[in-house]
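Down below is the structure, laid out as structure tokens.
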Amino acid sequence: MPAAKMLFLYAPAGFAAMLGFVVAVAASVLFLRTKALRFDTLAASATEVGLVLLTANIVAGVVWSRAAHAVWWTWDPAIASALVCALVYASYLMLRRAVEEPSQRAASCAVWSIFCFLDAPIVVVAVYRWRSQHPHPALWADLPAGWPAPLAWSTAGMFALAALLLAVRLRQGTARREQDLQRRMGHTI
Amino acid sequence: MDYLRQFWVVSVKDLRAEFRTKEAINASLAFALVILVLFSFAFDAADLEEAAMNEISGGLLWIAFAFAGTLVLNRSFVRELPNDCLDGLIAAPISRSALFLGKAFANFALVLAVEMISLPVFGIFYHVRWASQFPELLLVLVLGTWGVTVIGTITSALTVNIKLREVMLPMLTYPILVPALMSAMQLTTRLMAGEAIGADTGMWLKMLIGFDVIYTSVSLILIEVVLIG
């Protein structure tokens, strides 16, 4: 079934999103330890990239579901838990926009990033448990022979894309921080 | 002052302030009742079969509780803004985690009180026998409400200096509360249907306890950062 090959898109995107969130929580903890704003920028950029990739994962999963089961949304536990995680991380970005003062924003967002990260595994366990009460189609069937290698390649490619996006956002974030700093200095003078 | 006393003083202060003005609890109670009435139009409670009603009872109750709880939680730290009370509290020679626990406990008591009043009303409106397994149901209510109040109190502290705080609080709390509310809904539905806590429901109970333990401990560790930056 050709639709099954959507796996090469949604699985790597999901893995890369998870990696992004791991980087984000690590950067948040580092920020709380060092109070260096560059870690805050890293956490924000990693969350943004993670959220974009998670959205790609959900959209690809929904397209797969439509092709495989003729409905867009089946409450498949993998896609449903990804959606809840996306909503959780969207709250992080909303909090970022709402707080204006940079060091307060960094502290609040670091705390919230840790909260979001801890929520993800609980959400996954809960949603899988919830759906196990009803029969559901398995997203993770055994891979056919010859599939693991391309899956590994596309995962590597997706990680490279994530790294590139992260580098771009990090550069923009750093530039914005410097701009902000100079504006503040200008005001003081 | 030892830790327990600090915790108690903060709780009692919050509860006393609330009972003098009654601004949060009245709004919350009225809101809970309005939601319960509105739901009956959405599902036409008079025609609904008993089995179908039992099936959705946990969900209805916890949505009403979570919405009503937000009104209490929104006020928790905002109440300290006039006269710079929050600065005074932070500067006071008490542990910040005791301050947090005290506020969380006061919110917990208020939200639980709203739930205890809504529950019989819910039972009357929807012909649900909620009292058949009351001790177990009470345990679920306590655990679920504690989860809601811990997350709500820390978000209340996080958003206290934000202009859009009334909007931000629900945006932050509901997504993160999904696993806790899901467990509480599942357990409440089963208990109201007369099912005892067995292997399957026990797993939801463990998940709810786990959620509470994880987020209470992390909040106690991080509250220092939230309040001081």
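Computed from heavy atoms alone, side chains included, the values below leave out hydrogens, waters and symmetry copies. Keep in mind it's a predicted model, so treat the numbers as computed, not measured.
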Checklist entry - Considering only heavy atoms, which portion of B:M171 lies under 4.5 Å from any heavy atom of chain A: side chain, backbone, both, or neither? => result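 Both parts, backbone and side chain.
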Item to check | B:S219, part contacting chain A, at a heavy-atom distance under 4.5 Å | outcome: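 Both backbone and side chain.
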Item to check | Shortest non-hydrogen separation from A:V127 to B:M182 and the atoms involved | outcome: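 So the minimum-distance heavy-atom pair works out to CG2-CE, 3.8 Å.
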Checklist entry - Minimum heavy-atom separation for B:P179 to A:D119, with atom names? => result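 Here B:P179 and A:D119 meet closest at CG-OD1, 3.6 Å.
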How many angstroms lie between [atom1] in [X] and [atom2] in [Y], if you round to the nearest 0.5 Å?
X	Y	atom1	atom2	answer
B:N161	A:E101	CG	CD	10.0 Å
A:R129	B:M207	CZ	CE	8.5 Å
A:W130	B:M185	CH2	CE	10.5 Å
A:Y89	B:I176	OH	CD1	8.5 Å

Item to check | Residue selection (most heavy-atom pairs with chain B, distance under 4.5 Å) from A:V99, A:V125, A:I122 | outcome: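 Top count of heavy-atom pairs under 4.5 Å with chain B: A:I122.
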Checklist entry - Within a strict 4.5 Å, meaning less than it, do heavy atoms of the A:E100 and B:K163 side chains meet? => result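 Heavy-atom side-chain distance check passes, below 4.5 Å.
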Item to check | CD/B:E23: more than 12 non-hydrogen atoms of other groups inside 6.0 Å | outcome: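 Above 12, so yes.
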Item to check | Neighbour count above 12 (heavy atom, 6.0 Å) for A:W153 CH2 | outcome: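 Counting other residues, nucleotides and ligands, CH2 of A:W153 stays at 12 neighbours or fewer.
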Item to check | Contacts of residues 56-70 of chain B with chain A (heavy atom under 4.5 Å) | outcome: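 Not one residue of residues 56-70 of chain B has a heavy atom under 4.5 Å from chain A.
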Item to check | Toward chain A: residues of residues 148-157 of chain B with heavy atoms under 4.5 Å | outcome: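 B:I151, B:I154, B:T155, listed by number.
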Checklist entry - B:V225, B:L172, B:L158, B:V226: which one forms the most heavy-atom pairs within less than 4.5 Å of chain A? => result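 Sorted descending by pairs with chain A, the first entry is B:L172.
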Item to check | Part of residues 102-116 of chain A lying next to chain B, heavy-atom separation under 4.5 Å | outcome: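 Within residues 102-116 of chain A, the residues under 4.5 Å from chain B are A:Q104, A:A107, A:S108, A:V111, A:W112, A:I114, A:F115, A:C116.
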Item to check | Toward chain B: residues of residues 21-39 of chain A with heavy atoms under 4.5 Å | outcome: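 Contacts with chain B: A:L32, A:K35.
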